[in-house]
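Heads up: numbering here begins at 1 and tracks the sequence. Atoms considered below: every heavy atom in the structure, side chains included; atoms not considered: hydrogens, waters and symmetry mates.
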Amino acid sequence: SAADYPRDRCLAELFEAQAAQTPDTVAVAFEDRQLTYRELNAHANQLARELRRLGVGPDALVGLCVERSLEMIVGILGILKAGGAYVPLDPGYPIERLAFMLEDTQAAVLLTRRPSQHVRMMLEQVISSSAAAGIQATMLDLEADWPRIAEHPDGNLPQRALGEQRAYVIYTSGSTGRPKGVMVRQRGVINLCYGLRAFFDDPAVRQTGLITSISFDISVNQIFPTLLFGRTLHIVP
């Protein structure tokens with residue numbers, strides 16, 4: 001609480017400001033691939049437009065069932081730029097847990113990326129079981145469907161999100177009962193980032209490792225301050 005932070009802005013706006021300031025800096029790297037801030041922002045904008053076409057708007061929950069990759073970060077930012085909140089769905093989770101989370105959130109869109117045959121079959125079963133409960137989910141593959149997504153303009157979108165709207169929903173383990181979705185507002189994430197800003201402003205801090213699953217909230221500490229303050233996020237396999 002000692003650090004001031006912009007209460008009237010959203011995460012997408014703050015990322016866009018940083019991308020404009022350091023467009024050619026590497027924003028995210030994974031194995032032998034990387035994206036600069038300009039490229040990451042452009043890809044996220046194209047995805048956001050596709051998500052809005054599918055009806056994603058303020059506070060809408062979007063499932064993100066993606067293995068560790070650059071597309072995972074594009075997915076997070078694209079969801080936020082569309083005005084929605086991301087729901088991590090670990091491909092390694094049991095189908096019963098995935099089905100519960102999808103039905104509990106009533107997510108209308110589920111982002112994937114080149115899932116294995118086993119994972120695809122599992123997701124199709126999840127969507128099928130959700131449809132039986134009256135929930136219609138659209139699955140969008142961030143690799144196979146990318147040529148179509150890339151037809152959208154890559155400029156910044158007018159922002160619909162506000163600080164009090166949700167940034168993400170991460171589910172508890174359920175070890176004491178049914179898993180519970182913990183909803184965190186964008187303002188809380190921004191507050192966290194600015195609380196850590198002194199560390200990230202240190203010239204010696206140029207890179208951050210994303211070492212946790214995005215289903216674990218420590219990932220928020222690693223992803224967002226890195227990208228809001230112009231550093232490079234390395235996704236550790």
Side-chain angles (χ1 to χ4, degrees), residues 6 9-52 56 62 64 66-84 86 88 111-114 140-159 161 167-168 186 189-190 192-194 196-214 219-237:
R9 303 184 73 184
C10 65
L11 287 163
E13 288 178 307
L14 295 171
F15 171 73
E16 289 165 3
Q18 184 60 55
Q21 185 176 338
T22 55
D24 298 319
T25 298
V26 174
V28 59
F30 178 67
E31 296 181 336
D32 59 347
R33 299 173 62 208
Q34 63 184 33
L35 290 172
T36 64
Y37 274 85
R38 178 187 288 111
E39 292 168 333
L40 178 57
N41 190 50
H43 288 353
N45 285 334
Q46 290 171 322
L47 176 58
R49 286 187 165 85
E50 177 66 11
L51 291 173
R52 286 191 180 179
V56 174
V62 179
L64 184 63
V66 178
E67 301 281 0
R68 299 172 79 76
S69 60
L70 301 183
E71 287 79 6
M72 181 177 73
I73 304 302
V74 171
I76 289 174
L77 290 174
I79 292 167
L80 292 172
K81 281 172 171 284
Y86 70 95
L111 299 184
T112 66
R113 181 226 176 214
R114 198 179 59 188
L140 191 65
D141 189 313
L142 294 178
E143 185 163 305
D145 294 327
W146 190 258
R148 176 169 55 79
I149 297 170
E151 294 176 358
H152 290 291
D154 63 5
N156 293 335
L157 297 77
Q159 282 305 317
Y168 62 84
Q186 296 212 21
V189 179
I190 295 169
L192 169 70
C193 291
Y194 278 78
L196 296 170
R197 183 166 191 173
F199 172 79
F200 282 87
D201 279 348
D202 185 336
V205 179
R206 303 299 308 169
Q207 305 174 78
T208 303
L210 176 58
I211 61 174
T212 68
S213 164
I214 60 169
S219 64
V220 176
N221 300 44
Q222 298 165 358
I223 295 170
F224 289 102
T226 304
L227 297 179
L228 263 55
F229 302 137
R231 289 357 190 188
T232 299
L233 182 70
H234 286 269
I235 304 174
V236 179

In this structure, OG1 of Thr208 is separated from CZ of Arg231 (nearest 0.5 Å) by 8.5 Å

Heavy atoms of Thr25 and Gly230 approach each other most closely as CG2-O, 3.9 Å

*So, the side chain of Arg49 versus the backbone of Glu151: is there a donor-acceptor pair under 3.5 Å, distance only?*
no

Value for CG (Leu192) from CZ (Arg197), rounded to nearest 0.5 Å, stands at 13.5 Å

Item to complete: May I ask you to test the Arg52-Leu157 pair for a side-chain heavy-atom distance under 4.5 Å?
Response: yes

Residues at least two apart in sequence or cross-chain that pass side chain to side chain donor-acceptor pair (under 3.5 Å) with Arg206, listed by chain then number, are none

What one should report as the nearest heavy-atom pair of Phe199 and Val205 is O-CG2, 3.5 Å

What I'd like to find out is whether the side chain of His234 reaches to under 4.5 Å of the side chain of Thr232, using heavy atoms alone. yes

The reported gap from CD1 in Ile211 to CD1 in Ile235 (rounded to nearest 0.5 angstrom) is 13.0 Å

Side chain to side chain contact (heavy atoms under 4.5 Å, CB included) filter on Ala150, not counting sequence neighbours, yields Gln46, Trp146

### Message
What I'd like to find out is whether the side chain of Leu142 reaches to under 4.5 Å of the side chain of His43, using heavy atoms alone.
### Response
no

All heavy atoms of Pro225 vs all of Cys193, minimum pair found to be N-SG, 3.6 Å

Is any side-chain heavy atom of Asn45 closer than 4.5 Å to one of His152? no

* How about Cys10 and Leu80: do any of their side-chain heavy atoms sit closer than 4.5 Å? -> no

For Lys81 and Ala12 the tightest heavy-atom approach is CG-CB, 3.8 Å

inquiry  = Which label fits Tyr194 and Phe229: parallel for a plane angle under 30°, tilted from 30 to 60°, or perpendicular past 60°?
reply    = perpendicular

Taken to the nearest 0.5 Å, the spacing of Asp141 CG from Thr112 OG1 works out to 4.0 Å

* For the residue pair Val56 and Glu50, establish whether any side-chain heavy-atom pair is separated by less than 4.5 Å. => no

Check your understanding: Below 4.5 Å, heavy atoms only, C-beta onward: do Gln159 and Arg9 meet side chain to side chain?
Key -> no

Between Val28 and Ile223, is any pair of side-chain heavy atoms under 4.5 Å apart? no

Would you tabulate the side-chain donor-acceptor contacts of residues 66-79 under 3.5 Å, counting partners in other chains and residues two or more places apart, or write 'none'?
| unit_1 | atom_1 | unit_2 | atom_2 | d |
| --- | --- | --- | --- | --- |
| Arg68 | NE | Val236 | O | 2.7 |
| Arg68 | NH1 | Thr212 | O | 2.7 |
| Arg68 | NH2 | Leu210 | O | 2.4 |
| Arg68 | NH2 | Val236 | O | 3.1 |
| Ser69 | OG | Glu67 | O | 3.1 |
| Ser69 | OG | Glu71 | N | 3.4 |
| Ser69 | OG | Met72 | N | 3.3 |
| Glu71 | OE1 | Arg33 | NH1 | 3.3 |
| Glu71 | OE1 | Arg113 | NE | 3.3 |
| Glu71 | OE2 | Arg33 | NH1 | 3.3 |
| Glu71 | OE2 | Arg33 | NH2 | 3.0 |

When rounded to the nearest 0.5 Å, the distance separating CG of Asn156 from CZ of Phe15 is 9.0 Å

Residue set satisfying ring-ring contact (aromatic ring centres under 6.0 Å, His included) with Phe224, at least two apart, ordered chain then number -> none

Taken in chain and number order and not counting sequence neighbours, the residues that satisfy side chain to side chain contact (heavy atoms under 4.5 Å, CB included) with Ala27 are Tyr37, Leu40, Leu227

With sequence neighbours left out, the residues meeting salt bridge (charged side-chain N to carboxylate O under 4.0 Å, His left out) with Asp32 are none

